[in-house]
Amino acid sequence: MKTLFPLLVLLATTLTVRSQELRDTIRVYFPFDEALLTPEALVTLDSFVTRYRGEEVPAALQIRGHCDAVGSHAYNEALSQRRTRAVHDYLLNKGLTKTAVEQAEGFGERLPLNGNSTPDERSRNRRVEIIWAHEAASAPPPPQTPRTDTVPVFSREAVDTVKEGSTLRLRNINFYGGRHTFLPQAMPALNELVEVMKTYPTMVIEIQGHICCRYGWEEDGMDYDAGDMNLSHNRARAVYYYLAERGIDKRRMTYRGFKGTRPLVWPEETEADRTLNRRVEIRIVKK
């Protein structure tokens, strides 16, 4: 019953939100039993501040802290509050006003993303989420024809010529259906990305995950590897960790899932259409 309750809350919230608004969520993660912001968290928050300030009408923010299930309920409630306060104070120091935040609250271990049954699952529950809403009517209209020519394919030559802020599509970064596990044909493109990151030692990137088949849906796709509804996020995260494990400094990378909100082609009439939309892109934050 303990694991069923958060699922019911999530389902009820999702159904309400889908009829009224779309939401974006940024997550930062914490080491076990700590509330200090890591270097990776600072990069994520800095990237968020830049993006948030660039929005035409910035929406009110909700900052929600969470813990894994290790320790007492009372201790985890207090720890989640400290994590929330760390993120809240950092954003204020970066120039956001107090009125930009409509909620800053710690939820302890009450709303896990998963079952807390493995070290990896527990690490993903030690998080703070920054959530902000958008009116559903403001969502961009879905494209009617493929526009892959507007997203150049990632290569060393492309990186040589593009400007900061440009987005490049990774060729053949494919995954098993409903999973964040790479297919074998993804390896050449991933290794090319590693080499380019080494060639440009000051380059900072945002890794962006996309899925097919869900344009306009609030929730992400189901990830059967992780057992959660964060498929585009987890696929971007898989690229992040692939690079980190091969020596790329985590401070040079952030990752983010866009769910199905940015299809290259819509409606998806063929498997080729769906393959185009199931992709990973790289935004060049700094060269």
Side-chain angles (χ1 to χ4, degrees), residues 26-31 36-51 54 90 94 119-120 123-124 126-127 148-176 179-211 223 225-226 230-258 262 264 275-287:
I26 295 292
R27 293 188 177 100
V28 294
Y29 297 91
F30 292 81
L36 295 176
L37 295 169
T38 65
E40 294 87 350
L42 296 179
V43 171
T44 300
L45 291 174
D46 288 344
S47 177
F48 161 74
V49 169
T50 300
R51 176 188 171 207
Y90 186 81
K94 284 293 181 177
D120 182 62
S123 72
R124 285 184 283 119
R126 298 192 292 266
R127 71 198 191 279
T148 54
D149 58 324
T150 65
V151 184
V153 173
F154 183 91
S155 67
R156 178 172 178 175
E157 293 73 19
V159 173
D160 285 339
T161 58
V162 298
K163 298 179 180 179
E164 291 181 356
S166 299
T167 299
L168 300 172
R169 178 166 52 90
L170 292 178
R171 188 196 304 272
N172 296 329
I173 299 295
N174 295 322
F175 300 83
Y176 291 98
R179 302 176 63 189
H180 65 264
T181 302
F182 299 112
L183 287 169
Q185 55 263 40
M187 294 301 111
L190 287 168
N191 292 331
E192 181 181 27
L193 178 56
V194 172
E195 293 307 312
V196 171
M197 291 294 287
K198 291 179 178 178
T199 301
Y200 289 85
T202 62
M203 189 166 73
V204 177
I205 63 172
E206 180 183 69
I207 304 163
Q208 302 178 345
H210 303 266
I211 61 173
D223 184 343
D225 284 326
N230 293 294
L231 184 57
S232 69
H233 172 90
N234 293 345
R235 285 176 171 174
R237 187 171 182 250
V239 174
Y240 170 90
Y241 277 108
Y242 187 91
L243 297 178
E245 289 165 2
R246 283 151 184 82
I248 306 303
D249 191 334
K250 290 181 178 180
R251 291 173 293 183
R252 299 173 56 198
M253 305 179 288
T254 59
Y255 56 90
R256 182 179 172 206
F258 281 90
R262 296 188 177 184
L264 290 175
T275 298
L276 281 175
N277 289 335
R278 273 193 305 260
R279 67 197 192 279
V280 173
E281 296 175 348
I282 300 297
R283 185 170 71 88
I284 311 298
V285 177
K286 177 184 175 183
K287 286 181 71 172

With heavy-atom distances below 4.5 Å as the criterion, would you say the side chains of [X] and [Y] are in contact?
| X | Y | result |
| --- | --- | --- |
| Asp46 | Tyr90 | yes |
| Tyr241 | Lys250 | yes |
| Arg262 | Arg279 | yes |
| Leu243 | Ile207 | yes |
| Phe30 | Thr38 | no |
| Arg252 | Ile205 | no |
| Val239 | Tyr255 | no |
| Arg278 | Arg235 | yes |

Judged by modelled atom types alone, do Asn230 and Arg27 share a side-chain donor-acceptor pair under 3.5 Å?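 On atom types as modelled, these side chains qualify, holding a pair under 3.5 Å.
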From [X] atom [atom1] to [Y] atom [atom2], the distance as rounded to the nearest 0.5 Å:
| X | Y | atom1 | atom2 | result |
| --- | --- | --- | --- | --- |
| Phe48 | Thr254 | CZ | OG1 | 13.0 Å |
| Leu45 | Ile26 | CG | CD1 | 9.0 Å |
| Met203 | Ile284 | CE | CD1 | 4.5 Å |
| Phe154 | Glu192 | CZ | CD | 6.0 Å |
| Glu206 | Thr167 | CD | OG1 | 8.0 Å |
| Thr181 | Asn234 | OG1 | CG | 10.5 Å |

List the atom of [X], the atom of [Y], and the distance in Å for their closest heavy-atom pair.
| X | Y | value |
| --- | --- | --- |
| Arg169 | Leu264 | CD-CD1, 4.0 Å |
| Met253 | Val43 | O-CG1, 4.1 Å |
| Phe258 | Ser232 | N-OG, 3.4 Å |
| Ala41 | Tyr29 | CB-O, 4.4 Å |

Side-chain donor or acceptor of [X] paired with backbone N/O of [Y] under 3.5 Å:
| X | Y | answer |
| --- | --- | --- |
| Ser166 | Lys163 | yes |
| Lys94 | Thr50 | no |
| Lys287 | Val162 | yes |
| Gln208 | Glu281 | no |

Trace of the side chain to side chain contact (heavy atoms under 4.5 Å, CB included) decision for His180 with Arg237: CA-CA 9 Å; His180 65 264; Arg237 187 171 182 250; over 6 Å; no
Just wondering, are more than 12 heavy atoms of other shown residues or ligands nearer than 6.0 Å to CZ in Arg251?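 Counting neighbours around CZ of Arg251, 12 or fewer heavy atoms of other residues, nucleotides or ligands fall under 6.0 Å, so no.
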Applying side-chain hydrogen bond (donor to acceptor under 3.5 Å, both in side chains) to Tyr242 and Asn191, what does each step give before you reach the verdict? CA-CA 9 Å; Tyr242 187 91; Asn191 292 331; 2.6 Å; yes
